[in-house]
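Below: one structure, written as structure tokens.
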There are 2 protein chains.
Amino acid sequence: MRVGDEENMQISEVAQKFGLTQDTLRYYEREGLIGPIAKGDNGIRNYTENDLQRIQFVKCMRAAGLEISFLKRYIQLFDEGDETIKERREILVEQRKILKKKLDDMQEAYDRLNMKIDLYDKNILDKSLM
Amino acid sequence: MRVGDEENMQISEVAQKFGLTQDTLRYYEREGLIGPIAKGDNGIRNYTENDLQRIQFVKCMRAAGLEISFLKRYIQLFDEGDETIKERREILVEQRKILKKKLDDMQEAYDRLNMKIDLYDKNILDKSLM
DNA sequence: ATATCACTTAGAGTTGACTTTAAGTCAATA
DNA sequence: TATTGACTTAAAGTCAACTCTAAGTGATAT
């Protein structure tokens, strides 16, 4: 184990923990979604607890389909401090709206799939209808 | 108006009706998701009621993020007739599972956005947390 | 008749989000 | 000491799903 940084993780461990690839983690950093991650004398990334929290946030939002560009903007504002609070709130509300629409669309498709499967189970299929 | 086909629609009308572009409709057809759409003597597509139902199905599923390749496969099986019923049901169940996972991920992100916005409204922001 | 408009095709280009490649450093083990 | 493994970089490549371009046809309006 590396001495003097028992609490920090390196990229392979972080990738493992979140089910992301190392490439993706470096890509997110390049794009300004996380970090910049501090590096040791050897040039190797050392992820802090705070870094991990941001990655968790990004992962959750990406899993929901929020765009890299939005996350980039939000995190940028976040790091700029308190004077951006109003704008941050606004873009969160905007994203929530987009997400809500997608959730509704997906729920509709989900219900439709359920009904469809139900019809398959009951052997009552309309040959003209998908 | 075109004579003898009052009940059918041409591509611009269909595009309008579903909020898709003409390019997308032709692309879906090329990929085997809909049609092949019958064409008049002039070579222009004439969408039937049945075509519209399939487009509606495809649109719903695509809005939920189901892949073109799955839709292509499903529709292919559908057109092959009754001996594919078992397989069709199986792939529907598989897609439902994928969709459920996405719905859950999105619900999680949605809840998180809601909580976040709530904190912004109450002015209780933790400076270290996204 | 000439221009405009809606359509047609094949094929090339775009976008977002990774993912891979090539070439290299460094530390630990056989 | 040599090789293995984990890391580093910049840049090119990939993939899905469109989206656009170029070149053309055929019907209708001026």
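Labels below follow one simple rule: chain letters A, B, ... track the order of the sequence lines, proteins then strands, and each chain is numbered from 1. Every value quoted in this text rests on a predicted model; they were computed, and no experiment measured them. Values reported hereafter were calculated over all heavy atoms of this structure, with side chains retained and with hydrogens, waters and symmetry mates removed.
- Of the possible polar contacts, none joining the T84(B) side chain to the E87(B) backbone as a donor-acceptor pair under 3.5 Å is found.
- At dC7(D), none of the side-chain N or O atoms of R45(A) fall inside 4.0 Å of OP1 or OP2 (strictly under the cut-off).
- Separating the CD1 atom of I44(A) from the C1' atom of dA28(C) is a distance of 12 Å, rounded to the nearest angstrom.
- Non-hydrogen atoms lying under 4.0 Å from DNA chain D are contributed by D23(B), T24(B), Y27(B), Y28(B), R30(B), all within residues 15-37 of chain B.
- Residue L66(B) contributes atom CG, which lies 10 Å from atom P of dA17(D) at whole-angstrom precision.
- Counting only distance, with no hydrogens or angles, the side chain of E13(B) and the backbone of Q10(B) share a donor-acceptor pair below 3.5 Å.
- Every residue was checked against the salt bridge (charged side-chain N to carboxylate O under 4.0 Å, His left out) condition with D111(B), not counting sequence neighbours, and none meets it.
- Summarising the geometry, the separation between CG on N46(B) and P on dA6(C) is reported as 17 Å, rounded to the nearest angstrom.
- When distances run from any side-chain atom of I68(A) to the nucleotides dT8(C), dC18(C), dC18(D), the shortest one goes to dC18(C).
- For the pair K39(A) and dT25(C), the criterion of a side-chain N or O lying under 4.0 Å from OP1 or OP2 is not met.
- Rounded to a whole Å, the CG atom of N42(A) is 9 Å from the P atom of dT8(D).
- Connection of L113(A) to I91(B) is established within a shared hydrophobic cluster, with ILVMFWY side chains joined at heavy-atom distances below 4.5 Å, either directly or through further cluster members.
- Side-chain proximity of Q10(A) to dT9(D), dC18(C), dC7(D): nearest is dC7(D).
- Note that CD of E90(B) and CG of L92(B) are 10.0 Å apart. Values are rounded to the nearest 0.5 Å.
- Here dA16(D) presents its C1' atom at 13 Å from CG of L71(B), a figure rounded to the nearest Å.
- Each of L129(A) and L33(B) belongs to its own hydrophobic cluster when Ile, Leu, Val, Met, Phe, Trp and Tyr are linked at side-chain heavy-atom distances under 4.5 angstrom.
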